[in-house]
Protein chains: 2
Amino acid sequence: MTRRTKQGEAIKNVLVNCPSPLSAVEILARAKQVVPDMGLATVYRHLNRWLREGKLTPVEFPGETCRFETTGKGHHHHFLCRDCGRVFDLPGCVAGLHSFVPAGFVPRQHELTIYGACPTCARQTENNHAN
Amino acid sequence: MTRRTKQGEAIKNVLVNCPSPLSAVEILARAKQVVPDMGLATVYRHLNRWLREGKLTPVEFPGETCRFETTGKGHHHHFLCRDCGRVFDLPGCVAGLHSFVPAGFVPRQHELTIYGACPTCARQTENNHAN
DNA sequence: ATAGGTGCAAACAGTTTGCATGTAT
DNA sequence: ATACATGCAAACTGTTTGCACCTAT
C-alpha cells in the first residue's frame with residue numbers, strides 16, 4: 001500500500017535526526033542533500049500523511065510558519081527564545097493542569113509554549129547590562 | 001497622529017463586544033453591518049496597529065487562521081472544543097509553571113491551550129453512548 | 001503491469017502593500 | 001490644506017492539487 005522511496009526515506013531521516021522541530025522548507029533543504037531534485041510538494045505530501053497517521057506533530061508559534069516534529073519523544077513542551085529564535089524542548093509537564101480545567105470541560109490534549117530568553121541569550125543580556 | 005474614523009470605531013466595537021477571539025474575516029463581516037463597503041485590508045491595518053501597540057493579542061490554533069482578542073481581559077488561557085469548534089476562555093493560570101521551566105531559561109510570556117470537549121458537547125457524547 | 005509516488009506549475013488561502021482617492025483634523 | 005486613512009487590486013507566502021511521467025512492487 002505504501003511504497004518505499006528514496007524521497008520518503010530522506011525526509012524521514014531528516015525528521016528523526018533533528019532534535020528540534022523543522023519547517024517544510026528546512027526539511028526540504030536538508031533532504032535535498034540526499035535527493036537533490038526533490039520538490040516541496042513531496043515534502044508536504046509526506047508530512048501530511050504522517051500527520052494523519054499520528055507519527056508527526058505540528059508545532060506552531062504566532063507569526064511563524066508551521067514546524068513539525070516526530071511523536072514519541074515523550075511528553076514535552078516548547079520554549080521559544082525571543083532573542084535567537086531557537087526552539088527548545090522542555091521535558092515533562094506542568095503540575096496542576098487538571099485542577100485548572102473548569103468542571104464540565106473534558107480535556108484531551110494540551111499545548112504549553114513558553115517565550116523568553118534561553119540560557120545563552122540570558123547570560124549575554126546580563127553581561128551587556130553589567131557594562 | 002491617529003485619526004478617528006468610522007471604520008476604526010466599527011472594528012474596535014466588534015472586538016470589544018465579542019467575548020471570544022475573532023478572525024479577520026469574522027471581524028470584517030460584523031463591522032460591515034455598520035460600514036458596508038469596508039475592505040479587508042483596513043481590518044488588517046487596524047489589527048496590526050493594535051497588535052504593535054499591545055492592545056490586541058493573536059490567538060492561534062494549529063491549522064486554523066489567526067484570531068484576535070483584546071488585551072486586558074486578565075490573564076487567561078483557551079479551550080478549543082474539537083466537536084463544535086468554539087473557543088472558550090479559561091480564567092487564571094495553571095499552578096507550578098515556574099518550577100516547570102528549567103534553570104537558566106528566563107520565561108517572559110507563556111501560552112496554554114487545551115483541546116477537548118466543551119461541557120455542551122461532552123454531555124451530548126455521553127447521551128449518545130447511553131443509547 | 002500497475003498502483004502509487006514524484007516534479008512541476010497552477011491554484012488557493014491568508015496577509016501585505018502600492019497607489020489613487022477620500023476625509024478628519 | 002494636508003497628512004493620514006481607505007478601497008481596490010496586485011503581490012507575496014505558505015500550502016494544496018492536477019496532471020503527465022516515473023518507479024517500487
Side-chain angles (χ1 to χ4, degrees), chain A residues 1-16 18 20-69 80 85 87, chain B residues 1-16 18 20-69 80 85 87:
Chain A
M1 196 97 242
T2 193
R3 194 176 286 190
R4 182 188 190 79
T5 65
K6 51 187 174 167
Q7 290 89 340
E9 293 302 300
I11 296 169
K12 195 176 93 187
N13 286 336
V14 168
L15 284 163
V16 167
C18 185
S20 55
L22 294 172
S23 71
V25 289
E26 288 169 338
I27 294 166
L28 178 64
R30 296 178 190 213
K32 269 191 161 178
Q33 293 171 5
V34 181
V35 188
D37 53 356
M38 200 188 303
L40 190 51
T42 298
V43 174
Y44 277 109
R45 281 190 273 240
H46 282 278
L47 292 177
N48 286 334
R49 178 205 300 264
W50 294 329
L51 283 172
R52 239 180 288 124
E53 294 174 353
K55 292 175 182 163
L56 227 46
T57 313
V59 180
E60 305 217 55
F61 302 103
E64 312 213 5
T65 188
C66 189
R67 293 158 214 233
F68 303 87
E69 70 180 6
L80 175 66
V87 178
Chain B
M1 196 95 244
T2 193
R3 192 174 288 190
R4 181 187 190 79
T5 65
K6 52 187 173 163
Q7 290 89 339
E9 293 303 300
I11 296 168
K12 195 176 93 187
N13 286 336
V14 168
L15 284 163
V16 167
C18 185
S20 54
L22 294 172
S23 71
V25 289
E26 287 168 340
I27 294 167
L28 178 64
R30 295 178 191 215
K32 270 192 161 179
Q33 293 171 7
V34 181
V35 187
D37 52 357
M38 199 188 305
L40 190 52
T42 298
V43 174
Y44 277 111
R45 281 189 274 241
H46 282 277
L47 292 177
N48 286 333
R49 180 205 298 262
W50 294 329
L51 282 172
R52 240 180 287 124
E53 295 173 352
K55 292 175 183 164
L56 227 46
T57 313
V59 180
E60 303 216 56
F61 302 102
E64 311 213 6
T65 188
C66 189
R67 293 157 214 234
F68 303 87
E69 69 179 6
L80 174 66
V87 178

Donor-acceptor under 3.5 Å (A/Glu64 side chain, A/Phe61 main chain): no
Approximate separation, where rounding is to 0.5 Å, of A/Asn48 CG and A/Phe68 CZ: 7.0 Å
Under 3.5 Å donor-acceptor pair, B/Arg45 side-chain atoms to C/dG18 base atoms: yes
salt_bridge(A/Arg67, A/Glu60) N-O dist < 4.0 Å: no
Below 4.0 Å: OP1/OP2 of C/dT23 and any side-chain N or O of B/Gln7: no
Nearest-Å distance for atom pair CG/C1', residues A/Leu28 and D/dG14: 13 Å
Atom-to-atom span, NZ of B/Lys6 to P of C/dG22 - whole angstrom: 12 Å
Which residue lies more 5' along DNA chain C, comparing A/Leu40 with B/Asn48 via nearest heavy atoms: A/Leu40
Spacing between A/Arg3 atom CZ and C/dG5 atom C1', to the nearest angstrom: 6 Å
Position toward the 5' end of DNA chain D (nearest nucleotide), A/Ala24 or B/Asp37: B/Asp37
Proximity to the side chain of B/Thr42 - top-ranked nucleotide from D/dT6, C/dT17, D/dA5: D/dT6
Gap between atoms CD and P, on A/Glu64 and D/dT13 respectively (whole Å): 16 Å
Among D/dA9, C/dG5, D/dA5, the nucleotide that comes nearest once only the side chain of A/His46 is considered: C/dG5
Gap between atoms NZ and C1', on B/Lys12 and D/dA5 respectively (whole Å): 16 Å
Side-chain N,O (B/Thr5) to OP1/OP2 (C/dT23) below 4.0 Å: no
Interatomic distance, A/Glu60 CD vs D/dG14 P [rounded to whole Å]: 13 Å
Partner of B/Leu28 under side chain to side chain contact (heavy atoms under 4.5 Å, CB included), chosen from B/Thr42, B/Val43, B/Leu22: B/Val43
Donor-acceptor pair under 3.5 Å, A/Arg4 side chain vs D/dT25 base: no
d(CE, A/Met38; C1', C/dT6) in whole Å: 10 Å
Interatomic distance, A/Ile11 CD1 vs C/dG7 P [rounded to whole Å]: 8 Å
Side-chain donor-acceptor contact under 3.5 Å, A/Arg49 with A/Thr2: yes
